[in-house]
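Report on the structure given below.
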Amino acid sequence: MSGQRLTTGALLRYLRGNSSEKAILQVVGIKTIDSKTDDPSVSAKRYRLMLSDGKSTFSSCMLGTQMNQLIEMNSLKENSIVRIDRVMVNAIDKQTGRVMLMLYELEVLQSDSERIGDPVALPLTDIINNGNNNTNRSETNDNNQTSTTTASSATNVIRNGSKTLPTIDDRNNTKNFNGDNNRLTAKASNTIDKERIVNIDTLNPYMNKWTIKVRVSSKSQIRNYQNARGPGKLFNCDLVDQSGEIRAAAFNTECDKFHSLLEIGKVYYIARASLKPANRQFNSLNNDYEMTFNYDTCIEQCDTDEGQSIPQIQFNFIPISEIANRPANNVCDVIGVVKSISNIDTIISKTSQKEFNKRELLLVDENASITVTLWGQQAEDFQNSSNPVVAFKGIRIGDFNGRTLSTLNSTLISQDPIETQRTIELRTWYDKEGKLMDLPDLSKGADIGNQQVPFKTLSQINTEGLGLNDKPDYINIKATTTLIKKDTAVYMMCPEERCGKKVVDENNGTFRCEKCNKTYNHFKWSYMISAEISDSTGAQWISAFRNEAETLLGISADEFGNHKLNQNENIIDDIFQKTMNRERIFKLRIKSDQYNDEQRMRLTCMRVSDIDWSSHGRRLIEEINQIESIQH
DNA sequence: CCCCCCCC
């Protein structure tokens, strides 16, 4: 027999909102709830208890995680007697009236015990908000230890399965309940309690009276969608305060109501929104939960003075060169100078067949450059001022041809941001020297970070099946150029920066670019060299463009083009001859692709360098020696 | 309740 007496009827009193009572209850069931989280180091484990007051049980009791160890250390277990020191009732579904008891503090009075009494389960729903038309307040609800009438009447009705649960008196007490810590039946209110601001990182689905004071760090466009329930629209935004961040979504009515109200960078009070576990597949923000604005949600802009306590949008910039070391699909913050900008281009998505506008930027910082693709509205909106400094918050890393950046709907793009010192640093650097520098381009495959490119022989390309994977292989080859196609070595290129298309000579002094759909009175010579390179194990045809071709031939495309124009065949032959006498290191990108239904291997030269022993490290020398020992 | 973020 247990030495403890349970506080009869306490559970129902809790459910009605009298949470001040320190009831003595028995734990009659423990369930583990594993919230989904991608991060195995973050324990999302929660325990749900079934509590008994001797007459009734209630199974939806969430144990505060700080008390998890009571269970894990076997102090709190089935049949343990506990004293509830702090409890709150939370509505988790207004439609069904489903509630939950949040156990914030409890003490284990007796770890081992036997089951007391024969309690009957209270329902999880409809316990409070069934009707509200009686003003009888005759029953007090703060009786301790002795108030068994309510519990028994409730349990009796529950046994009968009636929908008018539990009693008129109970329903009536809902008033107090709402006034206390819940808004179960209250209609949408327009007020915000600014006195009790909570931190974003304390929000959870089991807590329902809160106000947060947050800065909007990003906001998407309104997007329309269609699903089984019909059409809908929504936008997402990210909210931050000094404690953390959370993602929020607004659908349909709330989408219209809040989209224009919420402005990026501004501070708002937000009260009464729904919370649910964050969907890690789509939400990378550092919060276990995400928010949905609902009919009851109240948002009010905070004036500038009051908003100052909320941190400004924080950028955690990584240098462009560092992008090479990050995995594809990572989301990061990057800042740089826009060195060049493309026109708007339209592409058709393979998956949706929809059209999308895109615009490409070449973004540079002191050490590297990368291609940034802007999509949709962001591509259209981007103003082509002269070489602005642009910060991207939450931009995604892609792995086409090395590394690229690609905006998401949630990416914040800020031109010449004043809040970071980097803006002025980059501005100064670019104007003084950056604009003249030719920096490694992460989007050209050649300069993929610190990744070591292995030395191979030409025969290994076939024996090791290089280039057959989804992603290209990069190798170094020590080889000699043995043939160069002369006629196609240079072509007339569109003068538009970053277009690169071949122009058609209209034979009237103008040159037409089909891609730009424009006619120019000039063009640029550009290399597109097909060359055969050979080592002692075999030979392969490779392509070399621009810088690499220029290095290979030792003469600019312009000069070469002029020789071609002037039919200086001897000079061209000379140039080729010189090249072919030299052994060099070719960095190759190997990738097979489909061409007229045929699989073919493309070998692109990403870099040509002389075998200059002094400039290479020990590793390179050792690798080359090793290759030579294989070859001989 | 979305969850697409696209193309070479």
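These numbers come from the heavy atoms of this one structure, side chains and all, not from hydrogens, waters or symmetry mates. The chains referred to below are lettered A, B, ... by the order of the sequence lines, with proteins before strands, and numbering in each begins at 1. Everything numeric here is computed off the predicted structure, so don't read it as measured data.
OP1 and OP2 of B:dC5 both lie 4.0 Å or more from every side-chain N or O belonging to A:Lys354. Here A:Arg396 reaches the OP1 or OP2 of B:dC6: one of its side-chain N or O atoms lies under 4.0 Å away. Contact between the side-chain N/O atoms of A:Ser406 and the OP1/OP2 oxygens of B:dC6 is found at a separation under 4.0 Å.
Checked against B:dC2, B:dC5, B:dC6, the side chain of A:Glu290 finds its nearest nucleotide in B:dC2. Of the candidate nucleotides B:dC2, B:dC4, B:dC7, B:dC2 has the atom lying nearest to any side-chain atom of A:Tyr225. Between B:dC3, B:dC7, B:dC2, one nucleotide has an atom nearer to the side chain of A:Asn236 than all others, and that is B:dC2.
One can place CD of A:Gln377 at 18 Å from P of B:dC6, the figure rounded to the nearest angstrom. Nucleotide B:dC3 holds its P atom 12 Å from the CD atom of A:Gln281, rounded to whole Å. In this structure, CD1 of A:Ile344 is placed 18 Å from P of B:dC8, rounded to the nearest angstrom. As a whole-Å value, the separation of A:Asn224 CG from B:dC4 C1' is 12 Å. Distance, A:Leu374 CG to B:dC4 P: 22 Å, rounded to whole Å. Counting to the nearest Å, the C1' atom of B:dC6 and the CD atom of A:Gln353 are 11 Å from each other. The interatomic distance linking A:Ile222 (CD1) with B:dC4 (C1') rounds to 16 Å, in whole Å. Atom CZ in A:Phe235 sits roughly 13 Å away from atom C1' in B:dC2 (whole-Å rounding).
For A:Phe400 and B:dC8, the ring-to-base geometry satisfies the stacking test (centroid distance below 5.5 Å, interplanar angle below 30°). Applying the 5.5 angstrom centroid cut-off and the 30 degree plane-angle cut-off, the aromatic ring of A:Phe356 is not stacked upon the base of B:dC6.
When atom types are taken as modelled, the side chain of A:Arg48 and the backbone of A:Ser59 share a donor-acceptor pair closer than 3.5 angstrom.
No hydrogens or angles considered: a donor-acceptor pair under 3.5 Å links the side chains of A:Ser352 and A:Ser349. Side-chain atoms of A:Glu355 and A:Thr346 form no donor-acceptor pair, as typed in the model, at a separation below 3.5 Å.
At the heavy-atom level, A:Asn227 lies under 4.0 Å from the strands shown only through sugar-phosphate atoms.
Salt bridge A:Asp256/A:Lys233: present, at least one basic N to carboxylate O contact under 4.0 Å.
Residues A:Tyr527 and A:Trp525 place their aromatic rings such that the two centres sit no closer than 6.0 Å.
Put simply, the side chain of A:Lys358 and the base of B:dC7 share a donor and an acceptor less than 3.5 Å apart. Contact of A:Arg247 with B:dC2 (side chain to base): no donor-acceptor pair of N or O atoms is detected under 3.5 Å.
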